[in-house]
Amino acid sequence: MSFDVPDDCHYLASHEWVRTDDGAARVGISDFAQDELGDVVFVELPDEGDELTAGEEFGVVESIKAVSDIYAPVSGTVTAVNDVLFDRPELVNEDPFGEGWMLELDLADESGLDELLDADAYRDQIE
């Protein structure tokens, strides 16, 4: 099976992605992760203003198969949370890199992106 792995994202080995734009970072879980979880039925996310540290657990995704922790790919302050997911968690399955995004961060240090996998390295991991 082939999974969507956008080239403009960076990835954690634990299947979270981050896409940056002018110091802001949008975070979610990968197409591979949502497929492995199955139908997502619940998402727990941090509050706006929370400080996250790279590698730190920041939330939970619950599916019909499993409950999985979600880890911050980079450090920063939460500036937005995708509140739509609380009523429509299935968006994580339907559009993991679009409407299924989870939160936005004001990056503490963009050099943290250098520690993440690029799209090619992530593709190698999930194949």
Side-chain angles (χ1 to χ4, degrees):
M1 180 169 199
S2 178
F3 296 100
D4 188 19
V5 181
D7 289 332
D8 64 344
C9 294
H10 294 80
Y11 300 87
L12 263 179
S14 55
H15 310 293
E16 292 80 3
W17 59 263
V18 58
R19 179 182 289 137
T20 59
D21 184 25
D22 279 340
R26 184 168 276 190
V27 175
I29 65 169
S30 72
D31 189 27
F32 175 83
Q34 68 79 24
D35 185 72
E36 288 290 303
L37 284 167
D39 294 337
V40 174
V41 295
F42 177 78
V43 177
E44 180 181 306
L45 299 172
D47 295 321
E48 287 184 33
D50 285 357
E51 299 284 333
L52 302 183
T53 301
E56 173 185 71
E57 174 189 327
F58 73 77
V60 172
V61 175
E62 183 176 338
S63 71
I64 57 173
K65 290 183 181 175
V67 175
S68 182
D69 294 329
I70 317 167
Y71 299 93
V74 289
S75 298
T77 304
V78 177
T79 56
V81 173
N82 188 359
D83 294 335
V84 176
L85 294 181
F86 300 130
D87 294 326
R88 298 189 54 211
E90 68 274 13
L91 288 174
V92 173
N93 296 112
E94 295 170 5
D95 191 11
F97 294 100
E99 295 300 311
W101 66 276
M102 296 183 169
L103 57 86
E104 292 180 341
L105 295 171
D106 182 21
L107 291 177
D109 180 4
E110 289 196 26
S111 68
L113 295 168
D114 297 337
E115 305 297 318
L116 302 174
L117 301 172
D118 64 18
D120 288 336
Y122 184 69
R123 281 186 200 100
D124 288 345
Q125 177 185 303
I126 61 174
E127 289 179 352

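FYI, side chains are in, hydrogens and waters are out, and symmetry mates aren't considered; it's all heavy atoms of this structure.
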(request) If a pair satisfies salt bridge (charged side-chain N to carboxylate O under 4.0 Å, His left out) and one of its residues is in residues 60-73, list it, with sequence neighbours excluded. (result) none
(request) Please identify each residue that fulfils side chain to side chain donor-acceptor pair (under 3.5 Å) with Q34, with sequence neighbours left out. (result) D31, N93
(message) Listing request: all ring pair (Phe, Tyr, Trp, His ring centres under 6.0 Å) pairs with a residue in residues 95-117, at least two apart in sequence or in separate chains.
(response) W17-F97
(request) Answer with yes or no whether the hydrophobic clustering places V92 together with Y11; edges join I, L, V, M, F, W, Y residues whose side-chain heavy atoms lie under 4.5 Å apart. (result) no
(request) For the residue pair P6 and Y122, establish whether any side-chain heavy-atom pair is separated by less than 4.5 Å. (result) no
(request) Hey, could you give me the CG/SG distance between L117 and C9, rounded to the nearest 0.5 Å? (result) 12.5 Å
(message) Using the side chain to side chain donor-acceptor pair (under 3.5 Å) criterion, which residues pair with T79? Sequence neighbours excluded.
(response) none
(request) Would you kindly confirm whether V27 and V84 end up in one hydrophobic cluster when ILVMFWY residues are joined by side chain heavy atoms under 4.5 Å apart? (result) yes
(request) Keeping to residues at least two apart or across chains, list the ring pair (Phe, Tyr, Trp, His ring centres under 6.0 Å) pairs with something in residues 43-85. (result) none
(message) Filter on salt bridge (charged side-chain N to carboxylate O under 4.0 Å, His left out), then keep only pairs touching residues 107-127, sequence neighbours left out; what's left?
(response) D7-R123, D120-R123
(message) Taking the side chain as everything from C-beta on, heavy atoms only, tell me whether I70 gets closer than 4.5 Å to M102.
(response) yes
(message) To check you understand the geometry: which heavy-atom pair defines the closest contact between A25 and V18, and what is its length?
(response) CB-CG2, 3.5 Å
Only pairs under 3.5 Å count here: list side-chain donor-acceptor contacts from residues 35-55, not counting sequence neighbours, and write none if there are none.
| residue | atom | partner | partner atom | Å |
| --- | --- | --- | --- | --- |
| D50 | OD2 | D47 | N | 3.0 |
| E51 | OE1 | T77 | OG1 | 3.1 |
| E51 | OE2 | T77 | OG1 | 2.8 |

(message) Do E94 and R88 have side chains that approach each other closer than 4.5 Å (heavy atoms only, starting at C-beta)?
(response) yes
(request) Check ring pair (Phe, Tyr, Trp, His ring centres under 6.0 Å) between F32 and all other residues, then give those that pass, not counting sequence neighbours. (result) F3, H15
(request) Treat each ILVMFWY residue as a node, draw an edge where side-chain heavy atoms are under 4.5 Å apart, and state whether V60 and L12 are in one component. (result) no
(message) If hydrophobic clusters are built from ILVMFWY residues whose side chains come within less than 4.5 Å, do L103 and L91 share one?
(response) yes
(request) Not counting sequence neighbours, list each pair that qualifies as a salt bridge (charged side-chain N to carboxylate O under 4.0 Å, His left out) and has a residue in residues 17-30. (result) D8-R19, R26-E104
(message) Could you tell me if the side chain of V74 sits less than 4.5 Å from the side chain of T20, heavy atoms only?
(response) no
